[in-house]
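Quick notes on the structure that follows.
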Amino acid sequence: MLFSKFFIPTLREAPAEAEAISHILMLRAGYVRQLAAGLYVYLPLAWRVMNRIQTIIREEMDSIGAQEISMPGLHPADIWQKTGRWFDIGDEMFRLKDRGGRDMCLGMTHEEIITWLASMEIRSYRQLPQMWYQIQTKFRDEARPKSGILRTREFIMKDSYSFDRDEEGLAVSYQKHAEAYHKIYERCGLKFYQVQSDPGMMGGAAAHEFMAPSPAGEDTIVLCKKCGYAANTELALSVPPSQKLKGSEKDWILEDIYTPEKRTVAEVSAFLKADPSYFIKSLLLIGRDGPFLALVRGDQELHEKKLAKIVGEFRAAQKDEVKSILGVGAGFIGPHNNTLRKIADILLKEGIYISGANKEGFHTKGIKPDVHFEAEWHDIHVAQAGDTCAKCSAEIALEKAIEIGNIFQLGTKYSQPLEAVYLDENGIEKPVIMGSYGIGPARIAAAAIEQNNDKDGIIWPQSIAPFDVEIIPLDMGDKEIGETAGMIYSNLSGEGWEALMDDRDERPGIKFKDADLIGIPYQIIIGKKGLKEGIVELKSRKTKQAERIAPSDVVKRAKELTGP
RNA sequence: CGGGGCGUAGCGCAGCCUGGUAGCGCACACGGUUCGGGACCGUGGAGUCGGAGGUUCAAAUCCUCUCGCCCCGACCA
């Protein structure tokens, strides 16, 4: 491919709206352009990357026996109504009506549609298991699209679905997907983790996410280097450090202490000269069944998602609600002396504490859990660096990560309402057991850039680079340079290499800058000085190391370094 | 949806406070000199100042409304 004929609109300066590294580099290097919030045009370079990623995905999906299909992006509402998601999902679903006034939506995912298909076609256990996948556009009206192509309102996704007779079959399909995903990410040159995740609105039992560590990520994951425990903080268990005992605390007796105008843990902690770990933070929340208290240790944060999994939806109480329910201001509420339902962090089961006295201007010291109040005990705190692993007690690490894929065991969540059933060997009708599995190719591309770049630009992993090699003749006016470049180009092409040749009549500096920005992993630099000595340079984008080799040796050497 | 910021030439920005000729750098076109890490000189083209309404003799600038984009949070199958 000739650079002069290929559309690569590089920019010297990045548009001001870009913040994430991958976003800035994709704009500057001429990969994408933004149409509107969360909507992007993929230019030729980016589309080549996407195609390479999709090819890898197809190969690995096919190798586990999945079959590619294609489903519509526009869906009738009634199928989504049958599973209830038409009502459960809010503004994030694009909804519209067709000319006949029928409710429709743009597909955010395809569980409903594929289950409809299965319900029409699957009759017998003899037809199972099945794995079907597609690479297709999804639409989600994101509340806040961000970070370039990392979070968009329209995006391509590989989604696959498994259909099995029973849970054992599902476990096999699930495992096959997990293995295929590992291969896909490895082949794409990504650093990644498989972590436990929250099934969320997908429903079902087990779920894992594949996470590419990056500061640009929206998720935080908890990792234990010792035992391998890995989970999204949405559900990650951890054991924070215990109270720092000075010795005298165990002699505390239950007493109220006057703490005028001291409301927050920080204020009371400073006032009483006691570490925040001696406090119980009491939060009055309003759930579906009325008000309740959530209790976490003073140095901890409540994880609202963990709590929501236990009690369902809730919201914080307003100031006047606190007054009317507990008869005291928000800074002085505590777990004892009231009959409200209490959900307490498991960490509070041990120790002795100070908390609000439920009396204006007072805190109570010497509170012992299970003695002075009772509660339902759950892990509801946010895992933090410095905590230890709930499984093996080693110190855990926290990392920001980009979600690049997920796998869910759905069970019968969709097959039941949509009546996707089969007859087993005994002629008994049973619902199909399903799994669902997603990968975002654009996120793979963005994560690859986030993980592989330097001050000059992108450094693509070879497998997903838009081209394998860029040939850079420094002076197109020089006959010998032009001929050598042409020879190398056709030799490489003949061996299956995809080469981009910068045939533009530009100064060397511009060609070097653009080449580094675009990030093709190898550059072959052909200049007058080198040719006088009979050599060209083969330069690694990543290391910036250049080898001086004879033009005729380029193919041989390139093969040694890496395959096409 | 809550909080904050920004919309002036393709990109990056100044001008706005204190109303009066729309400007700079890069990019682009042409000519010349250059040519191993984003060259230099000269000439030139390009802007409904996001939009609407208002105040004023006069609005990029002041006021009101509105649209869009970005960031933080909430949300996120």
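Model, not experiment: these values are computed from the prediction. In the text below, chain A, chain B and the rest are named by the order of the sequence lines, each starting its count at 1.
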Just say parallel, tilted or perpendicular for the rings of A:H208 and A:Y174, cut-offs at 30° and 60°. tilted
Kindly assign one of parallel, tilted or perpendicular to the pair A:H177 and A:Y437, based on the angle between their ring planes and the thresholds 30° and 60°. parallel
Tell me the partner of B:C69, counting only Watson-Crick (N1-N3 plus N6-O4 or O6-N4) or G-U wobble (N1-O2 and O6-N3) with both under 3.5 Å; none if nothing fits. B:G5
In A:K544, A:R28, A:K542, A:R541, the residue satisfying salt bridge (Lys or Arg N to Asp or Glu O under 4.0 Å) with A:D456 is A:K544
From A:K455, A:K539, A:Q523, residue fulfilling side-chain hydrogen bond (donor to acceptor under 3.5 Å, both in side chains) relative to A:D516: A:Q523
Taking only distance into account, with no hydrogens and no angle test, what donor-acceptor pairs under 3.5 Å do side-chain atoms of residues 477-484 of chain A form with protein atoms, sequence neighbours excluded?
{"unit_1": "A:D478", "atom_1": "OD1", "unit_2": "A:E480", "atom_2": "N", "d": "2.9"}
{"unit_1": "A:D478", "atom_1": "OD1", "unit_2": "A:I481", "atom_2": "N", "d": "2.9"}
{"unit_1": "A:T484", "atom_1": "OG1", "unit_2": "A:E480", "atom_2": "O", "d": "2.7"}

Identify all pairs in which a protein N or O lies below 3.5 Å from an N or O of nucleotides 29-32 of chain B, and state each distance.
none

Could you work out the separation of B:U18 and B:G2 based on their C1' atoms and round it to a whole Å? 35 Å
Selection from B:C75, B:G38, B:C71 that lies nearest to any side-chain heavy atom of A:E19: B:C71
Tested for side-chain contact (heavy atoms from CB on, under 4.5 Å) against A:M434, the lone hit among A:T115, A:D164, A:L170 is A:T115
For A:D159, the salt bridge (charged side-chain N to carboxylate O under 4.0 Å, His left out) test, sequence neighbours excluded, returns A:K138
Mind running a 4.0 Å heavy-atom check of residues 503-523 of chain A against RNA chain B and sending the residues that fall below it, in number order? A:R507, A:P508, A:G509, A:I510, A:F512, A:K513, A:D514, A:D516, A:L517
Check this for me: A:E313, atom CD, are more than 12 non-hydrogen atoms of other residues, nucleotides or ligands nearer than 6.0 Å? no
Could you tell me whether the side chain of A:H110 reaches within less than 4.5 Å of the side chain of A:Q134, counting heavy atoms only? yes
Could you write out each protein N or O paired with an N or O of nucleotides 4-7 of chain B at a distance under 3.5 Å?
none

Measuring to OP1 and OP2 of B:C72, would you say a side-chain N or O of A:K146 lies under 4.0 angstrom away? yes
Want to settle it: does A:R144 or A:M157 sit nearer the 5' end of RNA chain B, counting the closest nucleotide to each? A:R144
Let me spell it out: for each of A:G148 and A:D219, pick the nucleotide of RNA chain B with the closest heavy atom. Which residue's pick is nearer the 5' end? A:G148
Please list, pair by pair, any protein nitrogen or oxygen found under 3.5 Å from a nitrogen or oxygen in nucleotides 9-12 of chain B.
{"unit_1": "B:C11", "atom_1": "O2'", "unit_2": "A:E13", "atom_2": "O", "d": "3.3"}
{"unit_1": "B:G12", "atom_1": "OP1", "unit_2": "A:A16", "atom_2": "N", "d": "2.5"}
{"unit_1": "B:G12", "atom_1": "O2'", "unit_2": "A:E13", "atom_2": "OE2", "d": "3.2"}

